[in-house]
Undergrad: 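One structure, as structure tokens, below. Some questions next.
For reference, positions follow the sequence shown, starting with 1. Atoms within a ligand are numbered from 1 in the order they appear, just like the ligands themselves.
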Amino acid sequence: MELTAFNIEEFDLKLDTEIIGRNFIYIDEVESTNSLLLNSNEYKDHGTVLFAEQQTKGRGRLNRDWRSARELNLTFSILLKDNLNNLNLINLGAAVAIAQSINNFYQLDVTLKWPNDVLINDKKTAGILLESSSKSNKIEKVVVGIGVNVNQTAFNGEYRIKPTSIKRECKETVSRERLLSELLNNFEEMINDLESNKEKVLEEWKSRSKHLGEKIKIEEGSQNKFGVFYDIDEEGYLLLKNNDNIERITFGDVSLTPNQPK
Ligand code: BTN
């Protein structure tokens, strides 16, 4: 597979946002775009996007690694300083924006797994790591880190969910530049919707949900919980129904359990 560096001009031509990505920083190699945006005072503007061709210590949710081949995928982080009202909804909304962008180019079966995995044909193609820093008990900045497997076709090693990429599923090379601009366009629209019409974002998420209405298992650290994925509440938490009891789940890994009672 021939590697081609990201073409910023091509990306910029299709970027249709007011704020998100207007300050675009391209880095060849970094430990983690999330860590850099979170820990550096160099990047201050709301909507700044930090993009890296390669991460040497890419991080995933729950202290996992995020491995991504050089120049084939999208690994970037978005800095948010305004509209920080509901971080869970930003998380879900980011997953919606990724799914929409893939579907705007390819008719693939893109579904979402709570809280923020993006699957194609039941395999993982993208993940989101949302992190924040606070000052005097007030959230000062939020970093939305996004990794999308775009043109990588070989995945070696152990993965919790079977990985895939858009190219593996649609059998053609994907323009990373067009995909990223589309993704940021959708992301900005989603952030605006969260201010004016958060129901729209929740409905979009639910309509793409892989497990809503199904019997599921939630792994919260070493503890397992079982029930039916009943709904998502207005703050983006999962509602797990077990007999007449509804429990609000704030984190964990969801999987199907066909043998559990409803
Ligand atoms: C997950 O699925 O667990 C989340 C993966 C998030 C990966 C992205 S890649 C860009 C940003 N920088 C990181 O170190 N992680 C996120």
Undergrad: Is Arg61 in polar range of ligand 1, meaning some N or O pair under 3.5 Å apart?
TA: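 By distance alone, the answer is yes.
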Undergrad: Flag the pair Leu80 / Ile78 as yes when at least one side-chain heavy-atom distance between them is below 4.5 Å, and no otherwise.
TA: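 In contact.
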Undergrad: At less than 4.0 angstrom from any non-hydrogen atom of Thr33, what atoms of ligand 1 do you find?
TA: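 Listed by number with element, the hits are 10 (C), 11 (C), 12 (N).
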Undergrad: Among protein heavy atoms, which sits nearest to atom 5 (C) of ligand 1, and what does the distance come to when rounded to 0.1 Å?
TA: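 Protein heavy atom with the smallest distance to atom 5 (C) of ligand 1: Trp66 CE3, 3.4 Å.
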Undergrad: Check each atom of ligand 1 against the heavy atoms of Ile128 and keep those under 4.0 Å away; list them by number with element.
TA: 4 (C)
Undergrad: Are Arg67 and Tyr159 in a cation-pi contact, defined as NZ or CZ under 6.0 Å from the six-membered ring centre and within 45° of the axis?
TA: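 Geometry flag: set, cation within 6.0 Å and 45°.
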Undergrad: Applying the 4.5 Å side-chain criterion to the ILVMFWY set and letting contacts propagate, would Ile25 and Leu37 be lumped into a single cluster?
TA: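 Cluster IDs for Ile25 and Leu37 match.
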Undergrad: Using a strict cut-off of 4.0 Å, indicate which atoms of ligand 1 neighbour a heavy atom of Gly60.
TA: 1 (C), 3 (O), 4 (C), 5 (C)
Undergrad: Going by the order shown, which atoms of ligand 1 are within less than 4.0 Å of some heavy atom of Gly58?
TA: 14 (O)
Undergrad: Grouping I, L, V, M, F, W and Y whenever their side-chain heavy atoms are under 4.5 Å apart, do Val150 and Leu183 come out in a common cluster?
TA: yes
Undergrad: Ignoring hydrogens and geometry beyond distance, is a side-chain donor-acceptor pair present between Asn116 and Asn91 at under 3.5 Å?
TA: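 Asn91 and Asn116 do have a side-chain donor-acceptor pair below 3.5 Å.
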Undergrad: Answer yes or no: does an N/O atom from Thr75 fall short of 3.5 Å to an N/O atom of ligand 1?
TA: no
Undergrad: Does one side chain, of Ser68 or Asn73, offer a donor that lies under 3.5 Å from an acceptor on the other?
TA: yes
Undergrad: Write out the residue and atom name of the closest protein heavy atom to atom 2 (O) of ligand 1, then the distance separating them to 0.1 Å.
TA: Lys124 NZ, 2.5 Å
Undergrad: Assign the ring pair Phe229 / Trp205 to parallel, tilted or perpendicular, where the plane angle (0 to 90°) is split at 30° and 60°.
TA: tilted
Undergrad: Taking heavy atoms and a distance under 4.0 Å, where does Asn116 meet ligand 1: side chain, backbone, both or neither?
TA: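 The answer is neither.
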Undergrad: Mind checking whether Gln55 has an N or O less than 3.5 Å away from an N or O of ligand 1?
TA: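 N/O-N/O distance under 3.5 Å: yes.
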Undergrad: Does the plane of the ring in Phe24 sit parallel, tilted or perpendicular to the ring in Phe11? Use 30° and 60° as the thresholds.
TA: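 Tilted, since the angle between the ring planes falls between 30° and 60°.
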Undergrad: Can you confirm whether the side chains of Thr164 and Glu169 place a donor and an acceptor under 3.5 Å from each other?
TA: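 Thr164 vs Glu169: donor-acceptor pair found between side chains.
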Undergrad: With heavy atoms under 4.0 Å as the rule, classify the contact between Ser35 and ligand 1 as side chain, backbone, both or neither.
TA: neither
Undergrad: Under a 4.0 angstrom heavy-atom cut-off, which atoms of ligand 1 come close to Ser77?
TA: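 Result: 11 (C).
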Undergrad: Which protein non-hydrogen atom lies closest to atom 6 (C) of ligand 1, naming both residue and atom, and how far is it?
TA: Arg59 O, 3.6 Å
